[in-house]
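Quick notes on the structure that follows.
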Amino acid sequence: MQFTLNHDILDKETSTCALISIFENKKLSFIGNKLNITSNNYILSAINYNEIYGKINEFLLLYNVPNIKYKYLLIIGCGKKKYFNVNNYLNIVNNSIEIIKNTNIKKINFFFTELNVYNLNIYWKIRKAIEIIEDKLYIFNKLKNNKNFFNINKIIFYIDKKYDINLVNIAIKQAMAISSGIKIVKDIGNLPSNICNSAYLSMRSYRLQDIFPKKIKVFDINEKDMKKLGMNAYLAVGRESENESLMSIIKYNNHKNYDEKPIIFIGKGLTFDSGGISIKGSNKMDKMKYDMCGASVVYGLMIIIAKLNLPLNVIGVLACCENMTGGNSYRPGDIIESMSGINVEIINTDAEGRIVLCDVFTYIKRFNPEIVIDIATLTGACVVALGDEINGLMSNNSILIKELLNAAKISGDHTWLLPIKNEYKKRLNSNFADIVNVANDNSGGAIYAACFLSYFTKKYIWAHLDIAGTSYSYKSMGATGRPLYLLIQFLLKKSKMNISLK
Ligand code: BES
Ligand code: ZN
Ligand code: MN
């Protein structure tokens, strides 16, 4: 996709489609109005004739408008001008691309940059537009003989001369880096388990070392290493699988103080989750190939960080293995001594994510982390609670909560805070060991899972993102790349490379 800038309302390029806004009461935007005058009122008569009013979701596609060089004009309803806000803006960009993507239109003249979005500036408008466009035009083609592509290949952003062109260029650069990372996260997430196993993710991780040799170092912890380290919990989950369990560690070192404490991201990387002996039903079991989306998000995040050259020390951990059933599986009732020394009684082998993560939480203490954030498709209960549009957030630190919720708001990567309650924590006491992996009464399952994790994260500032609902969706026909938008926004702020949004 090509993104260019233009100061002219009447572009010289033909064969494009111009996106024009109309507010309620048939109020054309400033530019819409100019074009209407040029067309000798043709546009407004067409609007009247088609009974378009300007409501959100209304649209009109015009062809060959008199005196206008653009081949098409897409007039998009924007609702009430007075109340035009962030969500309306995201909405109209979404709607326009949805309409155009199945036509033959290749080039778009983007005029929504003229709109006033409450509290947000041109940087944000451009960055978000590019992120949405790239998101909407994604197709998973890797494993198809007949590859389809959408026709749109060029966006020409109209930029009023009053805007800071430098800011616009930063927006384009950052959005392109973010979108390329999102595409990688989706591609990997959508791969099936027979291709995307732990070894595959390890191989992809090692490649980063060659692409960014100055900043990134990668190494693996294999099953033999895990045995030596006492990572019995992690090992138990992957024990029955033919695919070796591998934890890939991607270290990005670019802070001006080389030894600055790192921010650590841990991604749950179950390349397939059958449930184990507590086997899942066959309905939708194919979706459990997505149980590594936490790991793929961390992988994509590391790429974006390196591309944007963020002045931070960050470590990405892909905690990969496969939960299978068979004679060598771990069992309900088994008691496992985790690396931390806490003995865990397994009640349900399908609550395996927390079993893998608990050993990773102990292992990463050696890096002396500033902050630890895990990203995991951890519980169906989180999907019941929040649906497929909202990430679940749980944490032991109120400042980190604030920072993450703020990043969620700005990025549009919707996130909601759930509590970690001490009373609930107590209900994980085991009759035979220290704790159980699933509570007796597991209503509120997303919180119980976080309570379990919190036993292992006492020594540092930690947040947990449950992305069971948001990481893939029926609507986007596969992996979504979320919550990468939220995480990169959080890091841009942390690295003080955050551009003012107002
Ligand atoms: N990977 C699943 C959670 C999941 C469910 C992700 C649906 C995406 C969609 C996780 O390992 C799991 O199976 N959790 C169990 C926990 C239960 C046994 C306490 C669940 O949610 O049913
Ligand atoms: Zn799982
Ligand atoms: Mn499971």
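Every number for a ligand or one of its atoms is a count from 1 in the order of the listing. The figures that follow rest on heavy atoms only: side chains count, while hydrogens, waters and symmetry mates do not.
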(Q) Under 3.5 Å between any N/O of Arg354 and any N/O of ligand 1: does that happen in this structure? (A) no

Q) Considering only N, O or S atoms, which atom of Glu352 is nearest to the Zn ion (ligand 2)? A) OE2

Q) Which residues and atoms, protein N, O or S only, are under 2.8 Å from the Mn ion (ligand 3)? A) Asp273 OD2, Asp350 O, Asp350 OD1, Glu352 OE1

Q. For Lys280, is the nearest heavy atom under 4.0 Å from an atom of ligand 1?
A. yes

Q.
Under 2.8 Å from the Zn ion (ligand 2), is there any N, O or S atom belonging to Gly353?
A. no

Q: Please indicate whether any nitrogen or oxygen in Glu352 is less than 3.5 Å from any nitrogen or oxygen in ligand 1.
A: yes

Q) By atom name, which N, O or S atom of Asp291 is the nearest to the Zn ion (ligand 2)? A) OD2

Q) Does at least one non-hydrogen atom of Lys268 fall below 4.0 angstrom from an atom of ligand 1? A) yes

Q. Quick one: does Tyr290 get a heavy atom under 4.0 Å from ligand 1?
A. no

(Q) Around atom CE of Met477, are there more than 12 heavy atoms from other residues, nucleotides or ligands closer than 6.0 Å? (A) no

Q. Is the shortest side-chain N to carboxylate O distance from Lys494 to Glu403 below 4.0 Å?
A. yes

Q.
Taking only non-hydrogen atoms of Val438, do any sit less than 4.0 angstrom from ligand 1?
A. yes

Q) Is it true that some N/O/S atom of Asp273, main chain or side chain, lies under 2.8 Å from the Zn ion (ligand 2)? A) yes

Q. Looking at Glu223 and Lys227, does any basic side-chain N land under 4.0 Å from a carboxylate oxygen?
A. no

Q) Under a 4.0 Å N-O cut-off, is there an ion pair linking Lys186 with Asp135? A) yes

Q. Mind checking whether Asp291 has an N or O less than 3.5 Å away from an N or O of ligand 1?
A. yes

